[in-house]
Amino acid sequence: SMLVGLFILSACVVVSVACPFNCSGHGTCQPDDTCSCNTPFLPPACVDQWLGQVSFGQPVLVGRVASGSRAMFSIQVDWKDVYREVTLSSSAFGQVGVDFLMVAGTEYPTPAVWDWRARNGAPLVVDGLVEGTYTAALYNGSPQDVSLVTVEASQVGVCPNNCTQRGACGADGVCAC
């Protein structure tokens with residue numbers, strides 16, 4: 001008699017991507033399931049970009065801002081006894097869903113904690129700021145990516161009491177009577 005044995009071999013392969021959004025194609029998933037993001041992208045999902053400190057009057061080109069992501073940067077406000085205002089503007093002016101956001105400090109804030117916001121590509125104008133570092137962002141809430149966007153921070157002098165209606169306010173915040 002012949003003894004025939006039947007063996008059933010079963011293999012179970014579990015494939016899971018534990019890194020958020022598989023690092024969005026801008027980083028590498030690490031063994032601890034966190035993303036190591038390529039510059040200039042930020043953890044945890046390598047979606048948002050960090051552009052560094054933006055100098056006043058120097059436009060910065062952002063190659064692409066994906067839908068649902070932010071291109072973030074910092075600005076350093078250093079008034080010299082002059083009341084001023086800061087304006088953030090971009091080439092995405094008028095584009096529905098593209099917003100400027102700004103918050104005091106240098107932390108990477110969540111979208112819910114912004115102090116100032118301008119919607120649909122409109123410039124963000126903020127006055128009365130104290131000296132310090134501010135974090136700002138161009139947020140793309142539209143359904144499509146935005147390409148070749150420039151962002152710029154500018155500062156304008158604001159004269160006390162509008163020169164008491166007796167002169168013109170210069171860009172440096174000094175009244176010319």
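What you are looking at is a predicted structure, and each value in this text was computed from that prediction instead of being measured.
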Peer 1: Going by side chain to side chain donor-acceptor pair (under 3.5 Å), name the residues that satisfy it together with S89, two or more places apart in sequence or in a different chain.
Peer 2: none
Peer 1: Does S55 have any side-chain contact (heavy atoms from CB on, under 4.5 Å) partners at least two apart in sequence or in another chain, and if so, which?
Peer 2: Q58
Peer 1: Taking all atoms of both residues into account, what is the closest heavy-atom pair of L61 and T150, and its distance?
Peer 2: CD1-CG2, 3.8 Å
Peer 1: Between V77 and F56, what is the shortest heavy-atom contact and its length?
Peer 2: CG2-CZ, 4.5 Å
Peer 1: Of the non-hydrogen atoms in P20 and P44, which two are nearest, and what is the gap between them?
Peer 2: CG-O, 3.4 Å
Peer 1: Among the clusters formed by ILVMFWY side chains lying less than 4.5 Å apart, do L51 and Y134 turn up in the same one?
Peer 2: yes
Peer 1: Could I get the full list of salt bridge (charged side-chain N to carboxylate O under 4.0 Å, His left out) partners for D48, not counting sequence neighbours?
Peer 2: R70
Peer 1: Closest heavy-atom contact between E152 and P59?
Peer 2: OE1-CG, 3.7 Å
Peer 1: Mind running side chain to side chain contact (heavy atoms under 4.5 Å, CB included) on I75 and M102 for me, showing each step along the way?
Peer 2: CA-CA 10 Å; I75 56 173; M102 195 164 86; 3.9 Å; yes
Peer 1: Would the SG atoms of C37 and C46 measure under 2.5 Å apart?
Peer 2: yes
Peer 1: Show me the pairs that pass salt bridge (charged side-chain N to carboxylate O under 4.0 Å, His left out) and involve residues 133-144, at least two apart or across chains.
Peer 2: none
Peer 1: Using the test side-chain contact (heavy atoms from CB on, under 4.5 Å), find all partners of Q30 that sit at least two apart in sequence or belong to another chain.
Peer 2: T28, D32, T34, S36
Peer 1: Looking only at the SG atoms, are C19 and C29 under 2.5 Å from each other?
Peer 2: yes
Peer 1: D33: which residues meet the side-chain contact (heavy atoms from CB on, under 4.5 Å) condition with it, sequence neighbours left out?
Peer 2: A18
Peer 1: Report whether V125 and L88 are members of the same hydrophobic cluster (ILVMFWY, side-chain heavy atoms less than 4.5 Å apart, transitive linking).
Peer 2: no
Peer 1: Could you check whether any side-chain heavy atom of L138 comes within less than 4.5 Å of a side-chain heavy atom of V149, counting everything from C-beta outward?
Peer 2: yes
Peer 1: Restricting to non-hydrogen atoms, name the atom on V65 and the atom on A71 that form the minimum distance, rounded to 0.1 Å.
Peer 2: CG2-CB, 4.0 Å
Peer 1: For R64, which residues count as a side-chain contact (heavy atoms from CB on, under 4.5 Å) partner, sequence neighbours excluded?
Peer 2: H26, A66, D145, S147
Peer 1: Side chains of residues 93-101: which donor-acceptor partners sit under 3.5 Å, not counting sequence neighbours?
Peer 2:
| from | atom 1 | to | atom 2 | distance (Å) |
| --- | --- | --- | --- | --- |
| D99 | OD1 | N120 | N | 3.0 |
| D99 | OD2 | R117 | NE | 3.1 |
| D99 | OD2 | R117 | NH2 | 3.0 |
| D99 | OD2 | R119 | NH1 | 3.3 |

Peer 1: Restricting to non-hydrogen atoms, name the atom on V47 and the atom on F41 that form the minimum distance, rounded to 0.1 Å.
Peer 2: O-CD2, 3.7 Å
Peer 1: Do W50 and S74 make a side-chain contact, defined as non-hydrogen atoms from C-beta onward lying under 4.5 Å apart?
Peer 2: yes
Peer 1: Who are the side chain to side chain donor-acceptor pair (under 3.5 Å) partners of Q76, not counting sequence neighbours?
Peer 2: T133
